[in-house]
Undergrad: 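Following this message is one structure expressed as structure tokens.
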Amino acid sequence: MRQKLVMFLGLFLTSLPLASIGAFAETHEVQMLNKHPDDKKKRNVFVPAVIKIKPGDTVKFVSGSKGHNTESIKGMIPKGGKPWKSKISRDFEVTFDQPGIYGYRCTPHYTLGMVGIVIVEGDGWDANLGAAKGVKQRGRSKKIFETLWAEVDQIMK
Ligand SMILES: [Cu+2]
């Protein structure tokens, strides 16, 4: 009896650190859509386009409309961050451990302005902010990123 109790306690205690990490990690959804639900004139959008999360959290990109994907943009992820690229019309999950700014796009609709930003808060989150802002954008993404950066500044001020 006592042996079992000791074993149980041992298992319980060794599983604590893992449980405490998992307990606080969250999954956030970003929809990949043909039309913005609040403004049908906005086509090919990530909703929300700017999202702030904590290290260890996951973003689930949901294929709400067909024909979209998510791909990190070169030069727009922090040092130690991992690039990603999903398949078209598929849900895709990315777990973020490294604080920083992550700019991403939909590969086929990039020049139409289908882009988004994940902010992973924590120490040094803004270390790559200037570099990310400095990345040259093409087509409508130029204009869209300007509005997204204004949102980032608003969220993080
Ligand atoms: Cu798209």
Side-chain angles (χ1 to χ4, degrees), residues 18-157:
L18 280 175
S20 60
I21 291 166
F24 297 108
E26 280 183 60
T27 297
H28 311 260
E29 284 194 0
V30 172
Q31 294 280 334
M32 305 185 279
L33 299 171
N34 290 344
K35 290 178 182 176
H36 196 291
D38 303 329
D39 184 353
K40 307 280 186 228
K41 283 181 212 153
K42 288 185 186 166
R43 289 166 183 275
N44 303 307
V45 285
F46 292 103
V47 180
V50 178
I51 191 169
K52 185 181 79 169
I53 67 170
K54 291 187 164 66
D57 283 359
T58 296
V59 172
K60 182 179 183 181
F61 293 94
V62 179
S63 180
S65 320
K66 283 186 179 171
H68 307 287
N69 79 334
T70 171
E71 175 189 22
S72 54
I73 296 175
K74 215 177 162 190
M76 295 188 79
I77 57 174
K79 210 176 161 190
K82 281 183 234 141
W84 71 89
K85 183 175 185 177
S86 76
K87 289 186 174 147
I88 305 271
S89 302
R90 296 284 171 81
D91 292 356
F92 191 74
E93 292 190 5
V94 183
T95 298
F96 295 87
D97 296 316
Q98 179 69 41
I101 291 284
Y102 295 75
Y104 63 90
R105 64 184 188 174
C106 167
T107 315
H109 301 120
Y110 166 63
T111 53
L112 296 177
M114 188 163 173
V115 290
I117 294 170
V118 176
I119 308 162
V120 181
E121 61 183 18
D123 284 349
W125 72 270
D126 58 352
N128 75 320
L129 180 64
K133 282 182 174 178
V135 170
K136 207 176 168 197
Q137 306 296 342
R138 285 184 289 125
R140 242 182 95 64
S141 285
K142 221 177 199 176
K143 201 179 168 192
I144 298 295
F145 263 123
E146 276 173 30
T147 66
L148 299 189
W149 291 128
E151 254 188 82
V152 170
D153 292 344
Q154 193 64 30
I155 291 168
M156 302 306 286
K157 76 176 180 192

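Computed over heavy atoms, backbone and side chain alike; hydrogens, waters and symmetry mates excluded. Counting starts at 1 for both ligands and their atoms, in listed order.
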Undergrad: Given ND1 of His109 on one side and SG of Cys106 on the other, what angle do they make at the Cu ion (ligand 1), to 10°?
TA: 110°
Undergrad: Can you name the N, O or S atom of His68 that is closest to the Cu ion (ligand 1)?
TA: ND1
Undergrad: Is the Cu ion (ligand 1) less than 2.8 Å from at least one N/O/S atom of Met114?
TA: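 True for Met114.
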Undergrad: Does one side chain, of Thr107 or Glu71, offer a donor that lies under 3.5 Å from an acceptor on the other?
TA: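 A pair is found: one side chain offers a donor N or O, the other an acceptor, under 3.5 Å apart.
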Undergrad: Could you label the plane-to-plane angle of the His68 and His109 rings as parallel, tilted or perpendicular, counting under 30° as parallel and over 60° as perpendicular?
TA: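 Geometry flag for His109 against His68: tilted rings.
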Undergrad: Per the ring-ring contact (aromatic ring centres under 6.0 Å, His included) rule, what does the pair list look like for residues 124-148, sequence neighbours excluded?
TA: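 The answer is Phe145-Trp149.
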Undergrad: Any salt bridge (Lys or Arg N to Asp or Glu O under 4.0 Å) pairs touching residues 45-67, not counting sequence neighbours?
TA: Lys52-Glu121, Lys54-Glu121
